[in-house]
Undergrad: 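The structure follows.
Along the sequence shown, residues carry numbers from 1.
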Amino acid sequence: MAQLRPHAVMMAGHAWDDYGLVDSGHGRKLERYGSYRFIRPEPQAMWQPRLGEWDAHGEFVPGSDEDGGGRWRYDKPVPQDGWPLRWRAVDFTAQCTPFRHLGFFPDMAPVWEWMRSQLDGEDDAETLNLFGYTGVGSLALSQCGKVTHVDASKKSVAQARENAALAGMEDRPIRWLVDDAAKFAAREVRRERRYDGIILDPPKFGRGPKGETWRLEQDLPDLVSDCRQLLDANSRFLFLTVYAVRMSSLALGGLLNEIFADLPGVIEHGDLSVQEEGEHGRFLPTAIFARWSNPS
């Protein structure tokens, strides 16, 4: 029986050559993406910035409502078609999007490392990436075997394919699918498919390619239940991240504890964070997560 560890865990991302959290505070953060610097809103940065002035190429100015909207304002030239970045051996394109993101989520870097560590030494594993966005996580997993990448956005999947080509990984065994994640998982259950690991990064609200509606609090339990049926006692992991919701990681851990009760392994929960660059860098929380792992 999987054991729920009650104490929260922090998974911290750190700077690498092409990304770093330079400073944060007053509800904003300053990040570097390659040779470009950007300011984005960050409500959890409630402290004082450490730098007197922030020199940035652009800033995302949020809209007046809580749920989104806004625009980029540029003070220096920025390539509108994007520019190349690298994480480990994975090359991909960063780009300022209308949703304040830059084409990938840098706080997921420790998650990519963790998943690969669960599959250490394997090159024939089969993993599933639901809500896979632009595919950096799928490319990271592809060194361990076959990956099925699912996202409802045709544009995101197209960008994922372009990232694979940029990284020289277009021949990796990855299935790129434009599909509703929940419906796909349910069909995989009916097909009696099995995976060694699953990552899911669902939005708070979304729509599938055929207009399907996703509401996290309402639909997540059924999706996690289907994911459980795609794993067995020899599978290695499931990793669930949730952003921008009024929810505790303990709630996610409790959900996994209920659904994964019949499997061996460990269930943990906590915060994703990114540490500022420099000595005594502060940890900026970005999301909550829950994960099941089965080392044995």
Undergrad: Test side chain to side chain contact (heavy atoms under 4.5 Å, CB included) on Glu276 and Lys29; report intermediate values, then the result.
TA: CA-CA 10 Å; Glu276 292 173 341; Lys29 57 187 175 184; over 6 Å; no
Undergrad: Just by modelled atom types, is the Leu139 backbone N or O under 3.5 Å from a matching donor or acceptor in the Ser142 side chain?
TA: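 Judged by distance alone, yes, a pair lies under 3.5 Å.
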Undergrad: Sub-3.5 Å donor-acceptor pair from the side chain of Asn294 to the main-chain atoms of Ala233, do we have one?
TA: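 Yes.
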Undergrad: Does Asp107 reach the main-chain N or O of Val274 with its side chain, forming a donor-acceptor pair under 3.5 Å?
TA: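 Side chain of Asp107 to backbone of Val274: no pair is present.
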Undergrad: Given the rule that I, L, V, M, F, W and Y join up when any side-chain heavy atoms are under 4.5 Å apart, are Leu4 and Leu220 in one cluster?
TA: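 Yes, it is one cluster - the side chains of Leu4 and Leu220 are joined through contacts under 4.5 Å.
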Undergrad: Mind checking side chain to side chain donor-acceptor pair (under 3.5 Å) for Arg71 and listing every partner two or more places apart, or none if nothing turns up?
TA: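 Counting only residues at least two positions away or on another chain, Arg71 forms no side chain to side chain donor-acceptor pair (under 3.5 Å).
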Undergrad: Counting N and O atoms only, with roles assigned by atom type, does the side chain of Gln95 sit under 3.5 Å from a partner on the main chain of Gln80, one being a donor and the other an acceptor?
TA: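 Checking the backbone N and O of Gln80 against the side chain of Gln95, a donor-acceptor pair under 3.5 Å is found.
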Undergrad: In terms of hydrophobic clustering (I, L, V, M, F, W, Y; side-chain heavy atoms under 4.5 Å; direct or indirect links), are Leu284 and Ile288 co-clustered?
TA: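 No, Leu284 does not connect to Ile288 through the hydrophobic network.
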Undergrad: If you take the centroid of each ring, where Trp contributes its six-membered ring, are Phe289 and Trp114 closer together than 6.0 Å?
TA: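 No: the rings miss the under 6.0 Å criterion.
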Undergrad: Does the distance from a Lys or Arg side-chain N to an Asp or Glu carboxylate O, for Asp23 and Arg282, drop under 4.0 Å?
TA: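 Arg282 and Asp23: salt-bridged.
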Undergrad: Could you tell me whether Trp112 and Phe92 have their ring centroids closer than 6.0 angstrom?
TA: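 No, they do not, as the ring centres are separated by 6.0 Å or more.
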Undergrad: For side chain to side chain contact (heavy atoms under 4.5 Å, CB included), just list the numbers for Tyr36 and Leu102, CA-CA rounded to whole Å, side-chain angles, deciding distance to a tenth of an Å, and then say yes or no.
TA: CA-CA 11 Å; Tyr36 300 95; Leu102 282 98; over 6 Å; no
Undergrad: Are Trp16 and Pro106 packed together at the side-chain level, in the sense that at least one heavy-atom pair is separated by less than 4.5 angstrom?
TA: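 Counting from C-beta outward, Trp16 and Pro106 do come under 4.5 Å.
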Undergrad: Would you check if Asn234 and Arg194 make a side-chain contact, meaning some heavy-atom pair closer than 4.5 Å?
TA: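 Yes, side chains in contact.
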Undergrad: Would you mind listing every salt bridge (Lys or Arg N to Asp or Glu O under 4.0 Å) that reaches into residues 129-158, with sequence neighbours excluded?
TA: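 Qualifying pairs, neighbours excluded: none.
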Undergrad: Measure from the ring center of Tyr33 to the ring center of Phe104 and say whether it is less than 6.0 Å.
TA: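 Yes.
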Undergrad: Is it the case that atom CD in Glu192 sees more than 12 heavy atoms from other parts of the structure closer than 6.0 Å?
TA: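 Not buried by this count: 12 neighbours or fewer within 6.0 Å.
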Undergrad: Considering only heavy atoms from C-beta outward, does the side chain of Gln118 approach that of Phe239 to under 4.5 Å?
TA: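 Side chain of Gln118 against side chain of Phe239, heavy atoms only: no contact under 4.5 Å found.
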Undergrad: Whether the side chain of Glu53 engages the backbone of Leu51 through a donor-acceptor N/O pair (distance < 3.5 Å, no angle test) should be reported.
TA: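 A pair under 3.5 Å: no.
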Undergrad: Quick one: pull up CZ in Arg291 and CG in Leu256 and give me the separation to the nearest 0.5 Å.
TA: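 It comes to 11.5 Å.
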Undergrad: Dump the intermediate steps for side chain to side chain donor-acceptor pair (under 3.5 Å) on Ser293 and Arg236, then the final yes or no.
TA: CA-CA 6 Å; Ser293 59; Arg236 298 296 185 88; over 6 Å; no
Undergrad: What verdict does the side chain to side chain contact (heavy atoms under 4.5 Å, CB included) test give for Trp292 and Ile267, after you've listed the backbone C-alpha separation in whole Å, the side-chain angles of each residue and the deciding distance to 0.1 Å?
TA: CA-CA 4 Å; Trp292 168 78; Ile267 295 167; 4.0 Å; yes
Undergrad: Considering residues at least two apart in sequence or located in another chain, which fulfil the side chain to side chain donor-acceptor pair (under 3.5 Å) criterion with Thr148?
TA: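 If we apply the side chain to side chain donor-acceptor pair (under 3.5 Å) test to Thr148, skipping adjacent residues, the hits are Arg175.
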Undergrad: When you group the ILVMFWY residues by side-chain heavy-atom contacts below 4.5 Å and let the links chain together, are Val136 and Tyr133 in the same group?
TA: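 Yes, same cluster.
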Undergrad: Treat each ILVMFWY residue as a node, draw an edge where side-chain heavy atoms are under 4.5 Å apart, and state whether Tyr243 and Tyr19 are in one component.
TA: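 In one cluster with Tyr243: Tyr19, yes.
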Undergrad: Considering residues at least two apart in sequence or located in another chain, which fulfil the side chain to side chain donor-acceptor pair (under 3.5 Å) criterion with Gln48?
TA: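 Scan of Gln48 (side chain to side chain donor-acceptor pair (under 3.5 Å), adjacent residues dropped) gives His26.
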Undergrad: Is it the case that more than 12 heavy atoms not belonging to Glu258 sit under 6.0 Å from its CD atom?
TA: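 For Glu258, atom CD is not crowded (no more than 12 foreign heavy atoms under 6.0 Å).
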Undergrad: Taking all non-hydrogen atoms of both residues into account, name the closest pair between Gly208 and Ala152 and its distance.
TA: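 Taking Gly208 first and Ala152 second, the nearest heavy atoms are CA-CB, 3.8 Å.
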Undergrad: Residues in side chain to side chain donor-acceptor pair (under 3.5 Å) with Ser153, at least two apart?
TA: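 Testing Ser153 for side chain to side chain donor-acceptor pair (under 3.5 Å), a comparison that skips the adjacent residues, returns Ser156.
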Undergrad: Is it true that Phe38 and Trp72 have ring centroids separated by less than 6.0 Å?
TA: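 Close enough - the centres of the two rings lie under 6.0 Å apart.
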Undergrad: Does Arg228 have any salt bridge (charged side-chain N to carboxylate O under 4.0 Å, His left out) partners at least two apart in sequence or in another chain, and if so, which?
TA: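 Salt bridge (charged side-chain N to carboxylate O under 4.0 Å, His left out) check on Arg228 returns Asp262.
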Undergrad: Linking I/L/V/M/F/W/Y whenever any side-chain heavy atoms sit under 4.5 Å apart, do Leu240 and Phe131 land together?
TA: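 Yes, same cluster.
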Undergrad: Is any side-chain heavy atom of Asp271 closer than 4.5 Å to one of Phe283?
TA: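 Not in contact.
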Undergrad: For residues Thr241 and Phe105, determine if any side-chain heavy atom of one lies less than 4.5 Å from a side-chain heavy atom of the other.
TA: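 Heavy-atom side-chain distance check fails, nothing below 4.5 Å.
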Undergrad: So, taking the atom named CG in Leu119 and the one named CZ in Phe237, what distance separates them when rounded to the nearest 0.5 Å?
TA: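 If I round to the nearest 0.5 Å, the distance is 5.0 Å.
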Undergrad: Measure across Ala290 and Leu252 and return the closest heavy-atom pair with its distance rounded to 0.1 Å.
TA: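 Closest heavy-atom pair between Ala290 and Leu252: CB-CB, 3.6 Å.
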Undergrad: For Leu238 and Leu200, run side chain to side chain contact (heavy atoms under 4.5 Å, CB included): C-alpha distance rounded to whole Å, both residues' side-chain angles, the deciding distance at 0.1 Å, then the answer.
TA: CA-CA 8 Å; Leu238 176 136; Leu200 56 159; 3.8 Å; yes
Undergrad: A quick test of your reading: do over 12 heavy atoms of other residues, nucleotides or ligands sit less than 6.0 Å from CZ of Arg5?
TA: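 No, because the 6.0 Å sphere around CZ of Arg5 holds 12 heavy atoms or fewer from other groups.
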Undergrad: State, yes or no, whether a side-chain contact exists between Asp180 and Lys210 at a heavy-atom distance under 4.5 Å.
TA: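 In short, these two side chains do not touch, never coming nearer than 4.5 Å.
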